[in-house]
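All values below were derived from every heavy atom in this structure, side-chain atoms included, with hydrogens, water molecules and symmetry-related copies excluded. Given the structure is predicted, the values throughout are model-derived calculations rather than measurements.
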Amino acid sequence: MSRDHFPSNHPMLTSSQKALIYELRQNSARAVMFHQLISEKLGLNVTDHKCLDFLNRTGPVTAGQLAQVTGLTTGAVTSVIDRLEQAGYVTRDKDPLDRRRVVVKPAPEGSAPISPMFQSVMDSTLKIISQYTEQELHLILDFIRKCNEMTLDEMNKMKESE
């Protein structure tokens, strides 16, 4: 059932490159669907869930910082924060360094229902990465970081072309 659809302007891709691109697309699609399912269980949309995930990993940030790291507009981020605050997942506080700014932070009890949903995934991920050497993990980590940077760059290009 596999059909490769690679743009004709990339005819020189090796079979390994094609396979990697295919698997990256599979991984992306499955990640979106997985997070859609988690979001539904939490009563959130996917964007809100992923912004909450970012906040749970980093701690307090301003709305502008959240917009910058997610690639969302500041208007979209304000709506995300409003919904997350109403659902009890985040709180807004004055920035201690600049009282004119507001900092968004995860509500202490907000992540309680989320963590158990990811325990099995974390266990499975640890099982997978334990099969690689430190050198291989550094290579994989470098690749993933570059893909993450590229994705954010591409999102910013799309926003600029609007």
Side-chain angles (χ1 to χ4, degrees), residues 1-5 19-96 101-132 136-159 162:
M1 185 161 171
S2 170
R3 293 187 346 191
D4 291 334
H5 293 283
L20 182 57
I21 290 170
Y22 177 82
E23 292 301 330
L24 285 169
R25 290 177 69 185
Q26 281 288 94
N27 180 262
S28 174
R30 288 183 180 168
V32 168
M33 297 304 160
F34 175 76
H35 289 288
Q36 175 65 38
L37 180 61
I38 295 289
S39 299
E40 288 172 6
K41 290 184 176 289
L42 295 172
L44 299 173
N45 68 45
V46 175
T47 301
D48 295 357
H49 163 54
K50 294 316 296 173
C51 287
L52 178 60
D53 176 51
F54 175 79
L55 288 166
N56 283 331
R57 285 183 284 120
T58 64
V61 295
T62 64
Q65 290 169 321
L66 187 58
Q68 186 177 16
V69 298
T70 60
L72 298 171
T73 65
T74 53
V77 164
T78 299
S79 296
V80 166
I81 294 167
D82 289 344
R83 290 188 299 269
L84 289 174
E85 184 177 42
Q86 183 159 3
Y89 289 108
V90 301
T91 60
R92 286 178 164 119
D93 287 327
K94 292 207 181 290
D95 185 338
R101 290 192 321 179
V102 172
V103 201
V104 182
K105 63 182 185 180
E109 65 284 351
S111 65
I114 301 170
S115 296
M117 293 184 191
F118 287 94
Q119 190 59 53
S120 177
V121 171
M122 179 57 77
D123 294 343
S124 296
T125 301
L126 291 173
K127 193 180 292 184
I128 292 168
I129 65 175
S130 69
Q131 299 171 32
Y132 295 94
E136 290 169 329
L137 289 172
H138 285 289
L139 181 64
I140 295 166
L141 182 59
D142 179 63
F143 176 76
I144 297 286
R145 282 183 177 149
K146 287 177 180 174
C147 285
N148 289 340
E149 290 171 16
M150 177 270 304
T151 301
L152 189 56
D153 288 345
E154 291 298 321
M155 289 171 61
N156 288 330
K157 283 182 203 174
M158 282 184 189
K159 286 191 317 190
E162 292 177 347

Handout entry: Full working for side-chain hydrogen bond (donor to acceptor under 3.5 Å, both in side chains) between Asp123 and Gln119
Key = CA-CA 6 Å; Asp123 294 343; Gln119 190 59 53; 3.0 Å; yes
Practice task
Apply side chain to side chain contact (heavy atoms under 4.5 Å, CB included) to Leu52 and Ile114, showing your working.
Solution key: CA-CA 10 Å; Leu52 178 60; Ile114 301 170; 3.5 Å; yes
Handout entry: Intermediate values then yes/no, side chain to side chain contact (heavy atoms under 4.5 Å, CB included), Leu72 and Cys51
Key = CA-CA 10 Å; Leu72 298 171; Cys51 287; 3.8 Å; yes
Exercise for the section: Test side chain to side chain contact (heavy atoms under 4.5 Å, CB included) on Gln65 and Thr58 and set out the steps. Expected result: CA-CA 11 Å; Gln65 290 169 321; Thr58 64; over 6 Å; no
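- The salt bridge (Lys or Arg N to Asp or Glu O under 4.0 Å) contacts involving residues 71-83 comprise Asp48-Arg83, Asp82-Arg92, where partners must be two or more places apart or lie in separate chains.
- Val46 has its side chain out of reach of Val32: every pair of non-hydrogen atoms, C-beta onward, lies at least 4.5 Å apart.
- Partners of Asp93 under the salt bridge (Lys or Arg N to Asp or Glu O under 4.0 Å) rule, at least two apart in sequence or in another chain, are Lys105.
- For the salt bridge (Lys or Arg N to Asp or Glu O under 4.0 Å) test, residues two or more places apart in sequence or in another chain that qualify with Asp53 are Lys50, Arg57.
- Using bins of under 30°, 30° to 60° and over 60° for the plane-to-plane angle, the ring pair Phe118/His49 lands in the parallel bin.
- With values rounded to the nearest 0.5 angstrom, Leu141 atom CG is found 13.5 Å from Tyr132 atom OH.
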Determine all donor-acceptor pairs shorter than 3.5 Å in which one atom belongs to a side chain in residues 144-151; sequence neighbours excluded.
from	atom 1	to	atom 2	distance (Å)
Lys146	NZ	Asp142	OD2	3.2
Asn148	ND2	Ile144	O	3.4
Thr151	OG1	Cys147	O	2.9

Problem - Stepwise side chain to side chain contact (heavy atoms under 4.5 Å, CB included) test for Leu44 and Leu84 - result: CA-CA 8 Å; Leu44 299 173; Leu84 289 174; 3.9 Å; yes
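- One finds the CG atom of Leu152 at 8.5 Å from the CD atom of Gln68 (value rounded to the nearest 0.5 Å).
- Residues passing the salt bridge (Lys or Arg N to Asp or Glu O under 4.0 Å) test with Glu154, sequence neighbours excluded: Lys157.
- Screening residues 61-94 for ring pair (Phe, Tyr, Trp, His ring centres under 6.0 Å) gives no qualifying pairs among residues at least two apart or on separate chains.
- Taking both residues in full, the closest heavy atoms of Pro106 and Pro60 are given as CD-N, 4.5 Å, listed atom of the first, atom of the second, then distance.
- The main-chain N or O of His35 is found under 3.5 Å from a side-chain atom of Ser39 such that the two form a donor-acceptor pair.
- Environment of CD in Gln131: crowded, with over 12 heavy atoms of neighbouring residues, nucleotides or ligands closer than 6.0 Å.
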